[in-house]
Trainee: 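Quick one: this structure, given as structure tokens, is what I'll be asking you about.
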Amino acid sequence: MYQILCIPNGKIYVGSTVDLQARWEQHRGHLRRGDHHNVYLQYAWDKYGEASFEFSVLEYVDSPDLLSVEQAWIDRTGCADRNIGFNIFETAGSPGNAFVQTWLGFVDPDGNEVTITNLQDFCRKNSLDFPSMHRLAMGRSKLKSYKGWTHKNSIRKREYVKTYTGFLTPDGQSAGPITNLAAFCREHGLTAVRMHQVRSGRRRSHKGWIWREDDA
């Protein structure tokens with residue numbers, strides 16, 4: 001069991017791992033890059049600086065007992081309380097496998113419904129912000145989506161069925177129907193905002209792509 005202490009405000013993050021050095025390096029690497037999945041810990045790191053944080057061992061336990069002991073420390077310290085600590089959940093999770101459960105209802109940027117097991121690990125592997133994805137799933141986000149992802153519980157679900165038929169390629173060929181312009185742009189190295197500008201007439205072209213007015 002380990003703890004990350006922010007010395008200036010006294011807040012803590014409690015976790016468990018089978019490799020203390022590797023886990024601390026993992027935390028520190030993400031914090032230094034500014035892409036840590038825990039937005040609260042990242043904010044404090046950015047505000048106070050690396051020198052203001054202390055990593056320490058709380059307790060050594062056998063691997064099979066990690067989750068139960070972690071839960072005990074979370075309950076004991078109250079580190080999931082925003083006034084006390086940085087832990088996002090009151091539920092313990094195993095190293096690299098935190099808050100494990102199956103999440104239904106997510107829709108990826110291509111419009112496909114996705115079932116996710118272990119949302120926190122999924123976000124870490126796909127460079128997504130875990131709190132943002134969790135808010136979508138819980139229906140607490142005011143945004144349409146997060147990086148193209150949405151959820152059936154989202155307050156404002158994103159529409160993926162809009163189809164565009166008037167785009168011409170740089171070779172002058174019709175691009176055919178395009179459903180989900182954002183995903184199409186990612187696949188072809190284009191910028192969705194600029195393609196929308198081309199579509200609306202606010203821009204003549206984008207990387208040779210134009211809009212054919214008679215299809216508008």
Trainee: Answer yes if the side chains of Asp75 and Gln71 hold a donor-acceptor pair under 3.5 Å, and no otherwise.
Mentor: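 Looking only at side-chain atoms, Gln71 and Asp75 do form a donor-acceptor pair, the distance falling under 3.5 Å.
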Trainee: What's the shortest heavy-atom distance between Tyr13 and Phe86, and which atoms?
Mentor: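 Nearest pair, atom of Tyr13 first, then Phe86: N-CD1, 4.0 Å.
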Trainee: Could you check Tyr48 against Ile7 for side-chain contact (heavy atoms from CB on, under 4.5 Å), going step by step and ending with a plain yes or no?
Mentor: CA-CA 9 Å; Tyr48 297 111; Ile7 298 172; over 6 Å; no
Trainee: Starting from the C-alpha separation in whole Å, work towards a yes-or-no answer on side-chain contact (heavy atoms from CB on, under 4.5 Å) for Thr115 and Trp103.
Mentor: CA-CA 6 Å; Thr115 298; Trp103 297 81; over 6 Å; no
Trainee: Decide if the gap between the ring center of Trp209 and the ring center of Tyr164 is smaller than 6.0 angstrom.
Mentor: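 Judged by ring-centre distance (under 6.0 Å), Trp209 and Tyr164 do not meet the cut-off.
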Trainee: Within a strict 4.5 Å, meaning less than it, do heavy atoms of the Arg203 and Arg194 side chains meet?
Mentor: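 Sidechains of Arg194 and Arg203: in contact.
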Trainee: Hey, are Glu59 and Trp73 close enough side-chain-wise for a donor-acceptor pair under 3.5 Å?
Mentor: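 Yes, a side-chain donor-acceptor pair sits under 3.5 Å.
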Trainee: Minimum heavy-atom separation for Asn87 and Ile12, please, with both atom names.
Mentor: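 In this case the closest contact between Asn87 and Ile12 is OD1-O, 4.0 Å.
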Trainee: According to the interplanar angle, ranging from 0 to 90°, do the rings of Phe55 and Trp24 count as parallel (below 30°), tilted (30 to 60°) or perpendicular (above 60°)?
Mentor: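 Judged by the thresholds at 30° and 60°, the geometry between Phe55 and Trp24 is parallel.
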Trainee: Which atom names give the shortest non-hydrogen contact between Gly189 and Lys207, and what distance separates them?
Mentor: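 Here Gly189 and Lys207 meet closest at O-NZ, 2.6 Å.
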Trainee: Quick one: does Leu31's side chain get under 4.5 Å of Glu50's, heavy atoms only?
Mentor: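 No, every pair of side-chain atoms sits at 4.5 Å or beyond.
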Trainee: If every non-hydrogen atom of Cys185 is compared with every non-hydrogen atom of Ala192, which pair is closest and at what distance?
Mentor: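 The answer is SG-CA, 3.6 Å.
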Trainee: Looking at side-chain heavy atoms only, is the closest gap between His151 and Tyr146 below 4.5 Å?
Mentor: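 Side chain of His151 against side chain of Tyr146, heavy atoms only: no contact under 4.5 Å found.
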Trainee: Grab the two heavy atoms, one from Thr165 and one from Ser174, that are nearest each other, plus how far apart they are.
Mentor: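 Minimum heavy-atom contact is O-OG, 4.4 Å.
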Trainee: Looking only at non-hydrogen atoms, find the nearest pair between Pro109 and Lys147 and report the distance.
Mentor: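 Scanning both residues completely, I find the closest heavy atoms to be CG-O, 3.5 Å.
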Trainee: Side-chain donor-acceptor pair under 3.5 Å between Arg23 and Tyr2, yes or no?
Mentor: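 Their side chains do contain a donor-acceptor pair, which is all the 3.5 Å distance test asks for.
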Trainee: Hey, any chance Leu119 and Val114 share a hydrophobic cluster, counting ILVMFWY side chains that come within less than 4.5 Å of each other, even indirectly?
Mentor: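 Leu119 and Val114: one cluster.
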Trainee: Would you say that His30 contacts Gln26 through its side chain, given a criterion of any heavy-atom pair below 4.5 Å between the two side chains?
Mentor: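 A side-chain contact exists here, since the closest heavy-atom pair is under 4.5 Å.
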Trainee: Walk me through whether Asp110 and Glu187 qualify under side-chain contact (heavy atoms from CB on, under 4.5 Å).
Mentor: CA-CA 10 Å; Asp110 295 324; Glu187 293 172 2; 4.2 Å; yes
Trainee: Would Asn38 and Gln42 count as a side-chain hydrogen bond (donor to acceptor under 3.5 Å, both in side chains) if you check the C-alpha gap in whole Å, the side-chain angles of each, and the deciding distance to 0.1 Å?
Mentor: CA-CA 6 Å; Asn38 188 310; Gln42 183 70 63; over 6 Å; no
